[in-house]
Amino acid sequence: MTATPTVEALLAEWMAAFNAHDLDRHMNVYDENAMLFGGNDQLHLGRQNIRTYFGGRPAGMRVKSYPMPEVRKVAPDVVVTGGHVDFVDGDTPSPYRMTWVLVRKAGNWRIAQHHGSPRFGK
């Protein structure tokens with residue numbers, strides 16, 4: 001399991017795992033009981049359901065750009081983030097808004113809650 005002692009390290013690992021379509025690696029950045037609202041209406045609960053969701057993403061889908069989001073500390077081991085991510089599938093852009101609730105356990109940040117929704121306009 002890759003160490004993610006900083007939010008920046010978690011973001012880099014999430015992007016690398018997503019772009020590699022490596023579901024084992026990708027699930028390591030999620031808390032065991034995480035929840036996800038992705039690009040559909042279903043709430044995905046737990047790593048296995050989140051894995052199924054990401055396993056259904058198109059083979060060509062990649063993160064083109066995900067600048068460091070805004071980070072707000074809620075408690076010593078809890079932060080929330082908000083930012084914009086640009087996905088692409090070949091030449092087709094797919095801009096999203098992204099929020100995470102992150103928890104630090106055993107010195108590593110993990111995603112406890114993930115919400116991504118399409119971005120409209122600029």
Candidate pair Leu36 and Leu43, rule side-chain contact (heavy atoms from CB on, under 4.5 Å), full reasoning: CA-CA 6 Å; Leu36 163 77; Leu43 177 60; over 6 Å; no

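- Hydrophobic clustering of Ile, Leu, Val, Met, Phe, Trp and Tyr side chains at less than 4.5 Å, counting indirect connections, unites Val103 with Val74.
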CA sep, side-chain torsions, deciding dist, call: Val101, His115, side-chain contact (heavy atoms from CB on, under 4.5 Å): CA-CA 9 Å; Val101 175; His115 178 259; over 6 Å; no

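- Atom CE in Met98 sits 9.0 Å away from atom CG in Leu11 (nearest 0.5 Å).
- Partners of Asn28 by side chain to side chain contact (heavy atoms under 4.5 Å, CB included), not counting sequence neighbours, listed by chain and number: Met1.
- Legend: side chain to side chain donor-acceptor pair (under 3.5 Å) pairs involving residues 57-69, not counting sequence neighbours, sorted by first then second residue: His21-Arg62.
- Residues forming a side chain to side chain contact (heavy atoms under 4.5 Å, CB included) with Ser94 (at least two apart in sequence, or on another chain): Phe87, Tyr96.
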Test log, rule side-chain contact (heavy atoms from CB on, under 4.5 Å), inputs Trp100 and Leu10: CA-CA 11 Å; Trp100 287 342; Leu10 177 73; 4.2 Å; yes

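- Note on residues 71-90: pairs passing salt bridge (charged side-chain N to carboxylate O under 4.0 Å, His left out), not counting sequence neighbours, are Glu70-Arg72, Asp77-Arg104, Asp86-Arg119.
- Closest heavy-atom contact between His114 and Trp14: CE1-CZ2, 3.8 Å.
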side-chain contact (heavy atoms from CB on, under 4.5 Å) between Val79 and Val7, worked out: CA-CA 9 Å; Val79 299; Val7 174; 4.1 Å; yes

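- Scored by the side chain to side chain contact (heavy atoms under 4.5 Å, CB included) test, Asp24 finds Asp22, Arg51 as partners (sequence neighbours excluded).
- For Asn19, there are no side-chain hydrogen bond (donor to acceptor under 3.5 Å, both in side chains) partners two or more places apart in sequence or in a different chain.
- Considering all non-hydrogen atoms of both residues, Thr99 and Gly82 come closest at CG2-CA, 4.2 Å.
- Asn40 meets the side-chain hydrogen bond (donor to acceptor under 3.5 Å, both in side chains) test with His44; sequence neighbours excluded.
- Of the possible donor and acceptor atoms, none in the side chain of Arg110 sits under 3.5 Å from a partner among the backbone N and O of Tyr30.
- Hydrophobic clustering (side-chain heavy atoms under 4.5 Å, transitive across Ile, Leu, Val, Met, Phe, Trp, Tyr) keeps Phe37 apart from Tyr53.
- Nearest heavy atom pair, residue Asn49 against residue Leu45, reads ND2-O, 2.7 Å.
- With sequence neighbours left out, the side-chain hydrogen bond (donor to acceptor under 3.5 Å, both in side chains) criterion links Gln113 to no other residue.
- Side chains of Met68 and Glu8 form a contact here, defined as non-hydrogen atoms less than 4.5 Å apart.
- Residues passing the side-chain hydrogen bond (donor to acceptor under 3.5 Å, both in side chains) test with Ser117 are Arg97, sequence neighbours excluded.
- Listed by chain and residue number, Pro5, Asn108 satisfy the side chain to side chain contact (heavy atoms under 4.5 Å, CB included) test with Ala3 (two or more places apart in sequence, or in another chain).
- Applying the salt bridge (charged side-chain N to carboxylate O under 4.0 Å, His left out) rule to pairs touching residues 25-46 yields Glu13-Arg25, Asp31-Lys105, sequence neighbours excluded.
- The distance from atom CE of Met35 to atom CD1 of Ile111, rounded to the nearest 0.5 Å, is 13.0 Å.
- Here the closest heavy-atom approach between residue Val88 and residue Pro93 is recorded as CG1-CA, 4.2 Å.
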